[in-house]
Amino acid sequence: MSHAAELPLWAALIVAFLLLLGSGLTLLGTIGLVRLDSFYKRVHSPTLGTTWGTGGILLASMLFFSVIESRPVLHELLIAVFVTVTTPVTLMLLARAALFRDRTEKNPEVPTFTAVAERSSEVVARGVNNGGTVEG
């Protein structure tokens with residue numbers, strides 16, 4: 001017998017919403033991985049999609065099992081902590097390793113630190129319009 005039949009309607013709707021939200025965010029991260037053109041752009045999308053998507057799915061799981069068992073079920077919090085801590089750390093390690101490799105190979109497409117700093121100060125000095133381009 002399925003435990004889902006025992007779930008009240010209000011809980012089933014919230015669980016379904018959280019599952020769809022988490023799955024949708026994970027799907028967006030996956031689409032970003034496929035669609036974006038450079039490694040440095042690709043690494044951000046799946047990281048955010050995985051973190052927020054996993055959060056939605058874990059919240060749905062916590063609610064489902066808490067309602068079914070009539071007590072708080074918080075095992076998923078441990079998973080959430082591990083995902084939240086390890087995913088950004090992995091992003092930084094991968095990005096720094098790729099940046100180091102590209103700089104040592106003298107890849108012309110990788111900006112130098114001074115070029116990034118100059119671009120950042122230029123954006124701050126001029127301001128950015130709603131289209132995402134620098135006004136000037």
Side-chain angles (χ1 to χ4, degrees):
M1 183 170 151
S2 173
H3 291 292
E6 301 169 13
L7 197 64
L9 180 63
W10 65 269
L13 291 174
I14 295 172
V15 167
F17 172 75
L18 288 171
L19 282 174
L20 288 173
L21 180 68
S23 301
L25 290 171
T26 303
L27 178 65
L28 283 175
T30 305
I31 291 170
L33 176 66
V34 173
R35 300 268 330 243
L36 295 173
D37 56 353
S38 75
F39 172 79
Y40 299 103
K41 292 178 184 175
R42 282 184 184 159
V43 76
H44 293 286
S45 180
T47 302
L48 294 172
T50 300
T51 304
W52 289 105
T54 303
I57 293 169
L58 289 173
L59 283 174
S61 175
M62 287 171 56
L63 178 64
F64 178 83
F65 288 107
S66 293
V67 170
I68 290 297
E69 296 183 14
S70 300
R71 65 179 178 84
V73 177
L74 304 175
H75 299 96
E76 287 86 353
L77 285 178
L78 189 58
I79 298 169
V81 167
F82 286 140
V83 168
T84 303
V85 169
T86 59
T87 303
V89 171
T90 305
L91 160 74
M92 290 188 320
L93 290 174
L94 286 172
R96 287 183 181 188
L99 189 60
F100 178 77
R101 180 200 62 210
D102 288 345
R103 285 185 178 162
T104 55
E105 292 177 356
K106 308 233 185 289
N107 187 344
E109 296 179 11
V110 177
T112 62
F113 178 75
T114 55
V116 172
E118 288 172 2
R119 175 74 178 142
S120 297
S121 61
E122 178 183 316
V123 169
V124 170
R126 292 187 183 177
V128 178
N129 67 17
N130 291 336
T133 59
V134 177
E135 295 176 349

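Side chains included, hydrogens not; waters and symmetry mates left out as well; all remaining heavy atoms used. Position 1 is the first residue of the sequence; numbering continues from there.
- Grouping the Ile, Leu, Val, Met, Phe, Trp and Tyr side chains by contacts below 4.5 angstrom, directly or via other members, places L20 apart from I31.
- Of all heavy-atom pairs spanning R42 and L36, the tightest one is NE-O, 2.8 Å.
- If you chain together hydrophobic residues whose side chains sit under 4.5 Å apart, L58 and I14 never meet in one group.
- Proximity of E76 to F65: side-chain heavy atoms (C-beta onward) are separated by under 4.5 Å at one or more points.
- Counted within 6.0 Å of CZ on F39, heavy atoms from surrounding residues, nucleotides or ligands total more than 12; the atom is thus considered enclosed.
- Between L19 and I57 the shortest side-chain heavy-atom distance falls below 4.5 Å.
- With contacts defined as side-chain heavy-atom distances shorter than 4.5 Å, the pair L13/F17 does not qualify.
- Atom OG1 in T30 sits 13.5 Å away from atom CZ in R35 (nearest 0.5 Å).
- In this structure, L74 and M62 approach most closely via the heavy-atom pair CD2-CE, 3.7 Å.
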Checklist entry - Would W10 and V67 satisfy side chain to side chain contact (heavy atoms under 4.5 Å, CB included), going step by step from the backbone distance to the final call? => result CA-CA 11 Å; W10 65 269; V67 170; 4.0 Å; yes
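- Heavy-atom minimum distance, G32 versus S45: CA-OG, 3.2 Å.
- Hydrophobic clustering (side-chain heavy atoms under 4.5 Å, transitive across Ile, Leu, Val, Met, Phe, Trp, Tyr) groups L18 together with L7.
- Judged purely by atom type and a 3.5 angstrom limit, T54 has no side-chain atom pairing as donor or acceptor with the backbone of T51.
- Both L94 and L99 are members of a single hydrophobic cluster when ILVMFWY side chains are connected at heavy-atom separations under 4.5 Å.
- Under a 3.5 Å cut-off, the side chain of T26 and the backbone N or O of T50 do not form any donor-acceptor pair.
- By the rule that hydrophobic residues join a cluster once side-chain heavy atoms approach within less than 4.5 Å of another member, V73 and L59 end up as members of one cluster.
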